[in-house]
**Q** 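Got a structure for you, written out below as C-alpha cells; questions coming shortly.
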Amino acid sequence: MNKTKIEWATAVWNPVTGCTKVSEGCRNCYAEGIANRFWGERKFTDVRCLPYRLKQPAKLKGHQRVFVNSMSDIFHNRVEYEFIKDIWSVMLANPQHTFMILTKRADRMAETVDLLLRDGFGVLPNIWMGVSAENQQAYDERAPYLLQTPAAVRFLSLEPLLSAIDLALLGTIPHSKPYSIVVSKIDWVIVGGESGTRARPMHPNWVRSIRDQCQEANVPFFFKQWGEWQLTNEREEMRQDGNERLTSIDVPGAIGYQKAWFRRVGKKNAGRVLDGRTWDEYPQEVRDE
C-alpha cells in the first residue's frame, strides 16, 4: 500500500492487479505502462487477486482517502465474488478510511453490490462508488448502472476526457424501465486530460461545459489535470513535417467541424488551472473534515 500522487486520493490499495481493455479510454492505460516497466515477464492482462494485501489498510495511520485497485478493476470478471466480499469486509473493518472504488465495468458493479447487500453488508458510509467514462458513449452506457447502485457517495471520473459529455440523458438498463439521469443525482465529478507519451489532447471547452453543468446542479467539481497538451494559436509558426509538439483534433464549430490545434508542453507545464484557479471540490463528507 502506497502514498499516491493522484490528486484526489492520499493512498492506493491494490488487492487486485492486472486488467484488460474495454473501451477507448483504455488505449493508453497508465497502469499498463507501470506494469510494463516493473512486472518483468508478467503481462498486464494477467489478473491476480492478492490476499496478502488485505491486511494493508489496517496499517495506515490517520484518515486516508484510499483509491481501491488503481492497478486493476475490482469488478473485472476474473475477480471472484468471494474475493470481492473479502475486500468489502476489510473496508467495513476500517471505517477510519474512505475507500474510493472506480470501475469501467458498471454492469457487474451494480450486480455485485446487490449481492453484497443481500449478504448483509449494507451501504457502508466509507465506500464511494464511481464509474469512469471518456466520452458520451461510455457515459451513456455506464452512468445508468451507477445510479442504480446504492452507495454513500456516487462519483464520475471523466478521464481521460476525449470528447464533450452531456451529463443529462435518457438511459435504458437492460431489463429495466427507462429513466432520466441528471448530474444532480451524482455526488462528485472528476475531470482530467490524458498523460503519457501517447496522450491525446483535451479541448478546454469540454472541461468548461462539464464544470458549468456541475455548478448549475450544485455538484462538487474536481479538475485533476490538463495532461500533456495545451490549446495553441501558434500552428502557422510551428507547423512542419514530423513536428511531434503539434497536433489537432476536430471539434464542432459554427459550421461543421473545425480543427483545434494543441502544443505538447508536458503534464507539469500544462498544470491543472482552469480559468485562473484550481478546482478541488469534494463531496460534503470530505469538505467538513
Side-chain angles (χ1 to χ4, degrees), residues 1-19 29-35 37-39 42 44 47-76 79-105 109 112-113 116-117 119-132 149-157 159 187-190 192 195 220 222-225 272 278 280-289:
M1 197 159 189
N2 299 309
K3 296 285 186 179
T4 181
K5 294 182 180 180
I6 296 172
E7 286 80 358
W8 46 266
T10 59
V12 292
W13 175 41
N14 285 291
V16 181
T17 57
C19 201
C29 176
Y30 76 91
E32 183 178 26
I34 294 172
R37 289 175 59 195
F38 298 108
W39 286 10
R42 178 188 168 193
F44 187 60
V47 179
R48 297 183 184 180
C49 298
L50 307 172
Y52 72 92
R53 293 186 175 180
L54 293 174
K55 297 179 181 180
Q56 291 177 336
K59 299 178 182 179
L60 279 177
K61 295 181 180 180
H63 169 265
Q64 302 292 334
R65 296 193 302 276
V66 181
F67 180 15
V68 181
N69 287 327
S70 63
M71 293 294 293
S72 185
D73 189 328
I74 191 173
F75 299 113
H76 195 284
V79 181
E80 298 289 341
Y81 173 64
E82 289 303 315
F83 193 69
I84 295 176
K85 283 179 62 177
D86 291 341
I87 293 172
W88 240 256
S89 295
V90 171
M91 296 188 292
L92 174 64
N94 289 275
Q96 72 274 25
H97 303 313
T98 298
F99 295 92
M100 305 151 95
I101 296 174
L102 192 58
T103 185
K104 289 185 174 70
R105 294 163 173 83
M109 172 189 68
T112 302
V113 170
L116 290 163
L117 292 174
D119 282 341
F121 279 95
V123 177
L124 302 183
N126 65 324
I127 298 180
W128 298 5
M129 305 297 299
V131 298
S132 175
T149 302
V153 170
R154 300 186 186 98
F155 70 101
L156 299 168
S157 176
E159 183 187 13
D187 300 298
W188 190 31
V189 175
I190 302 165
S195 57
F222 191 103
F223 183 52
K224 181 173 176 284
Q225 64 185 38
R272 52 191 300 265
T278 56
D280 290 342
E281 299 174 349
Y282 285 91
Q284 190 68 38
E285 289 85 347
V286 172
R287 290 201 303 266
D288 285 347
E289 289 175 358

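As the structure is a computational prediction, the values presented were derived from the model and not from experiment. Worth knowing before you read on, the calculation uses all heavy atoms, side chains too, and leaves out hydrogens, waters and symmetry mates.
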**Q** Between the main-chain N or O of Glu281 and the side-chain N or O of Trp188, is there a donor-acceptor pair closer than 3.5 Å?
**A**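 Looks like yes, one N/O pair under 3.5 Å.
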**Q** If you take all heavy atoms of Ala35 and Phe44, which pair is closest and at what distance?
**A**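 Heavy-atom minimum between the residues: CB-CD1, 3.5 Å.
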**Q** How long is the straight-line distance from CD of Gln225 back to OG of Ser195, given to the nearest 0.5 Å?
**A**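 Answer for the OG-CD pair, Ser195 versus Gln225, is 4.5 Å.
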**Q** Taking the side chain as every heavy atom from C-beta outward, state whether Phe155 and Pro220 have any pair of such atoms under 4.5 Å apart.
**A**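 No, side chains not in contact.
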**Q** I want to check something: taking the side chain as every heavy atom from C-beta on, are Leu50 and Val16 in contact at a cut-off of under 4.5 Å?
**A**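 A side-chain contact is absent here, since even the closest heavy-atom pair is not under 4.5 Å.
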**Q** So do the side chains of Leu117 and Pro150 get within less than 4.5 Å of each other, counting heavy atoms only?
**A**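 Yes. Closest side-chain heavy atoms under 4.5 Å.
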**Q** Does any non-hydrogen side-chain atom of Met71 lie less than 4.5 Å from one of Trp39?
**A**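 Sidechains of Met71 and Trp39: in contact.
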**Q** Just say parallel, tilted or perpendicular for the rings of Phe222 and Tyr282, cut-offs at 30° and 60°.
**A**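 Ring orientation of Phe222 relative to Tyr282: perpendicular.
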**Q** What verdict does the side chain to side chain contact (heavy atoms under 4.5 Å, CB included) test give for Ile87 and Leu54, after you've listed the backbone C-alpha separation in whole Å, the side-chain angles of each residue and the deciding distance to 0.1 Å?
**A** CA-CA 7 Å; Ile87 293 172; Leu54 293 174; 4.0 Å; yes
**Q** Taking it one step at a time, do Phe99 and Leu124 satisfy side chain to side chain contact (heavy atoms under 4.5 Å, CB included)?
**A** CA-CA 10 Å; Phe99 295 92; Leu124 302 183; over 6 Å; no
**Q** Roughly how far, to the nearest 0.5 Å, is the CE atom of Met100 from the OG atom of Ser70?
**A**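 One gets 12.5 Å once the value is rounded to the nearest 0.5 Å.
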**Q** Distance-only, no hydrogens or angles: does the Thr103 side chain make a donor-acceptor pair with backbone N or O of Val131 under 3.5 Å?
**A**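 No; zero donor-acceptor contacts below 3.5 Å.
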**Q** Verify, without hydrogens or angle tests, whether His97 (side chain) and Pro57 (backbone) share a donor-acceptor contact under 3.5 angstrom.
**A**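 Such a contact is found between His97 side chain and Pro57 backbone.
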**Q** Is a side-chain N or O of Arg154 found less than 3.5 angstrom from the main chain of Thr149, in a donor-acceptor match?
**A**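 Yes: the side chain of Arg154 pairs with the backbone of Thr149.
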**Q** Verify the distance criterion only: is there a donor paired with an acceptor across the side chains of Ser72 and Asn14 at less than 3.5 Å?
**A**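 Short answer, no.
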**Q** Looking only at heavy atoms, what is the nearest atom pair of Ala152 and Val123, with distance?
**A**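 Heavy atoms only, the tightest pair is N-CG1, 3.5 Å.
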**Q** Where do Val153 and Pro283 come nearest, in terms of heavy atoms and distance?
**A**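 Of all heavy-atom pairs spanning Val153 and Pro283, the closest is CG1-CG, 4.0 Å.
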**Q** Lys59 and Lys61: side chain to side chain contact (heavy atoms under 4.5 Å, CB included), yes or no, with the steps?
**A** CA-CA 6 Å; Lys59 299 178 182 179; Lys61 295 181 180 180; over 6 Å; no
**Q** Run through Trp128, Phe67, Phe223 and flag the one making a ring pair (Phe, Tyr, Trp, His ring centres under 6.0 Å) with Trp8.
**A**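 Filter result, single survivor: Phe67.
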**Q** CZ/Phe75 to CE/Met129 distance, rounded to the nearest 0.5 angstrom?
**A**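 Output value for this atom pair is 4.0 Å.
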**Q** Side chains of Glu159 and Ser132: closer than 4.5 Å at any heavy-atom pair?
**A**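 Sidechains of Ser132 and Glu159: no contact.
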**Q** So do Val66 and Leu60 actually touch side chain to side chain, heavy atoms under 4.5 Å?
**A**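 Touching, per the 4.5 Å side-chain cut-off.
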**Q** Taking the basic N atoms (NZ, or NE/NH1/NH2) and the acidic carboxylate oxygens, is any pair closer than 4.0 Å for Arg105 and Asp73?
**A**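 Between Asp73 and Arg105 there is a salt bridge, with a charged N closer than 4.0 Å to a carboxylate O.
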**Q** Could you grab the distance from atom CG of Asn69 to atom CZ of Arg53, nearest 0.5 Å is fine?
**A**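 Reported value, rounded in 0.5 Å steps: 9.5 Å.
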**Q** Please step through side chain to side chain contact (heavy atoms under 4.5 Å, CB included) for the pair Lys85 and Leu116, ending with a clear verdict.
**A** CA-CA 7 Å; Lys85 283 179 62 177; Leu116 290 163; 3.8 Å; yes
**Q** Check whether the side chains of Thr17 and Arg42 place a donor and an acceptor atom closer than 3.5 Å, and report yes or no.
**A**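 Note: Thr17 and Arg42 side chains meet the donor-acceptor criterion.
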**Q** So, taking the atom named NZ in Lys224 and the one named CD1 in Ile190, what distance separates them when rounded to the nearest 0.5 Å?
**A**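 Here the interatomic distance stands at 9.0 Å.
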**Q** Measuring from Lys3:NZ to Thr10:OG1, what's the distance to the nearest 0.5 Å?
**A**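 Lys3 NZ to Thr10 OG1: 6.0 Å, rounded to 0.5 Å.
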**Q** Tyr81 and Asp119: side-chain donor and acceptor closer than 3.5 Å?
**A**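 Yes, Asp119 and Tyr81 have a side-chain donor paired with an acceptor closer than 3.5 Å.
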**Q** Can any side-chain N or O of Thr278 pair as donor or acceptor with the backbone N or O of Asp280 at less than 3.5 Å?
**A**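 No, because the side chain of Thr278 does not come within donor-acceptor range (under 3.5 Å) of the backbone of Asp280.
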**Q** If you take all heavy atoms of Ile127 and Trp88, which pair is closest and at what distance?
**A**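 Distance-wise, the nearest heavy atoms are CD1-NE1, 3.6 Å.
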